[in-house]
Amino acid sequence: MTDSQTHLVLVALADPTRRLLFEQLCQEGSGTATSFAARLPITRQAVTKHLTILAEAGLVVVHEAGRERRYTPHPEALQSVTTWIAAIEARWDHRLAALRSYLLDEPRTPSTPEEENATMASQKERIDEHDPND
């Protein structure tokens with residue numbers, strides 16, 4: 001399960017407008033709600049609301065200078081998400097490696113009685129090797 005910081009980041013980035021704002025902030029270094037509203041088909045109040053959600057998630061930092069509020073990106077907040085994704089990836093890599101190993105170790109279907117006897121003997125050896133009663 002994700003922690004609260006990871007949850008906030010995922011919720012913030014779930015909205016396409018917020019992803020666009022965050023991406024533009026990362027490209028430009030900083031910006032104001034007014035400057036973004038001039039370029040986007042939404043109001044300054046809507047931009048401010050989106051930027052506030054990004055700030056609550058720790059993805060942007062607000063700097064106030066007089067009446068101006070300038071937003072700068074804080075991409076380090078993505079670390080909790082990348083750590084979470086890496087953990088899931090590692091678990092799946094382990095599972096897929098185990099499946100691959102199982103499939104490659106699985107004997108093929110015998111076509112002759114001699115091959116069938118050899119396969120059964122091999123399987124018995126494998127079972128005997130893993131007998132918990134030994």
Side-chain angles (χ1 to χ4, degrees):
M1 193 78 183
T2 61
D3 61 22
S4 61
Q5 176 62 31
T6 303
H7 178 77
L8 288 173
V9 171
L10 290 171
V11 169
L13 294 177
D15 184 273
T17 302
R18 289 193 287 271
R19 286 194 307 270
L20 176 65
L21 285 171
F22 183 65
E23 188 175 324
Q24 288 183 359
L25 278 169
C26 287
Q27 290 173 354
E28 298 171 13
S30 70
T32 64
T34 303
S35 68
F36 286 117
R39 294 179 281 180
L40 298 173
I42 57 176
T43 64
R44 186 185 63 74
Q45 290 82 6
V47 170
T48 300
K49 185 174 182 176
H50 286 299
L51 289 169
T52 300
I53 292 170
L54 290 170
E56 289 171 354
L59 291 165
V60 299
V61 177
V62 183
H63 302 282
E64 295 187 27
R67 293 179 5 160
E68 183 180 73
R69 294 173 59 101
R70 183 158 290 280
Y71 297 85
T72 58
H74 187 252
E76 294 83 2
L78 293 171
Q79 185 62 45
S80 64
V81 174
T82 57
T83 300
W84 177 69
I85 291 171
I88 291 173
E89 182 181 29
R91 281 194 299 259
W92 274 104
D93 284 348
H94 178 74
R95 286 179 171 183
L96 291 172
L99 177 61
R100 181 179 190 279
S101 176
Y102 172 78
L103 292 173
L104 291 176
D105 287 346
E106 190 67 19
R108 61 184 178 84
T109 306
S111 58
T112 66
E114 293 80 22
E115 287 180 345
E116 185 174 339
N117 289 338
T119 300
M120 289 176 60
S122 173
Q123 288 175 344
K124 182 174 179 347
E125 287 176 21
R126 289 169 68 186
I127 291 170
D128 290 343
E129 289 175 5
H130 299 291
D131 189 359
N133 296 325
D134 287 344

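Only heavy atoms go into these numbers, but all of them, side chains included; no hydrogens, no water, no symmetry mates. Keep in mind that what you see is a predicted model, and the values were worked out from it rather than measured. Numbers here are sequence positions counted from 1.
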* Apply the test side chain to side chain contact (heavy atoms under 4.5 Å, CB included) to residues His7 and Asp3: give CA-CA distance (whole Å), side-chain angles for both, the deciding distance (0.1 Å), then the verdict. => CA-CA 6 Å; His7 178 77; Asp3 61 22; over 6 Å; no
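- With values rounded to the nearest 0.5 angstrom, Leu96 atom CG is found 11.0 Å from Arg100 atom CZ.
- Tracing side-chain contacts under 4.5 Å through hydrophobic residues (I, L, V, M, F, W, Y), one never reaches Val62 starting from Leu8; they form parts of separate clusters.
- Using a 4.5 Å heavy-atom cutoff, the side chains of Leu78 and Leu13 are in contact.
- For the pair Glu68 and Arg70, the salt-bridge criterion is met [side-chain N within less than 4.0 Å of a carboxylate O].
- A heavy-atom distance below 4.5 Å is found between the side chains of Phe36 and Leu21.
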* Test side chain to side chain contact (heavy atoms under 4.5 Å, CB included) applied to His50 and Val47, step by step -> CA-CA 5 Å; His50 286 299; Val47 170; 5.8 Å; no
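- Without hydrogens or angle criteria, Thr83 side chain to Gln79 main chain gives a donor-acceptor distance under 3.5 Å.
- With contacts defined as side-chain heavy-atom distances shorter than 4.5 Å, the pair Val60/His74 does not qualify.
- For Glu23, the side-chain contact (heavy atoms from CB on, under 4.5 Å) partners at least two apart in sequence or on another chain are Gln27.
- A distance of 13.5 Å separates CZ in Arg18 from CG in Leu25, rounded to the nearest 0.5 Å.
- Residue pairs meeting the salt bridge (charged side-chain N to carboxylate O under 4.0 Å, His left out) criterion with at least one partner in residues 74-86, sequence neighbours excluded, do not occur; the list is empty.
- Here the side chains of Trp84 and Leu10 are in contact, with some heavy-atom distance below 4.5 Å.
- Evaluation of the side-chain contact (heavy atoms from CB on, under 4.5 Å) rule for Leu99 yields Leu103 as partners, not counting sequence neighbours.
- Screening residues 52-64 for side chain to side chain donor-acceptor pair (under 3.5 Å) gives His63-Thr72, Glu64-Arg69 as the qualifying pairs, with residues at least two apart or on separate chains.
- Taking the side-chain contact (heavy atoms from CB on, under 4.5 Å) definition, one finds that Arg44 meets it with Ala33, Thr34, Ala37, Thr48, sequence neighbours left out.
- Scanning all heavy atoms of the two residues, the minimum distance from Ser30 to Pro73 falls at N-CD, 4.5 Å.
- Checking Ser35 against Thr32 by side-chain atom types alone, a donor-acceptor pair falls below 3.5 Å.
- Between Leu40 and Leu20 the shortest side-chain heavy-atom distance falls below 4.5 Å.
- Residues Arg19 and Asp15 form no side-chain contact, since every pair of their non-hydrogen atoms from C-beta on lies 4.5 Å or further apart.
- Between Ala57 and Ala12, the shortest heavy-atom distance links the atoms CB-CB, 3.8 Å.
- Both Val9 and Leu54 belong to a common hydrophobic cluster when Ile, Leu, Val, Met, Phe, Trp and Tyr are linked at side-chain heavy-atom distances under 4.5 angstrom.
- Counting all heavy atoms, side chain and backbone alike, Gln5 lies closest to Ala77 at NE2-CB, 4.2 Å.
- Separation of atoms OG1 (Thr6) and CD1 (Ile85) is listed at 9.5 Å; rounding is to 0.5 Å.
- Residues satisfying the salt bridge (Lys or Arg N to Asp or Glu O under 4.0 Å) criterion with Arg39, sequence neighbours excluded, are Glu28.
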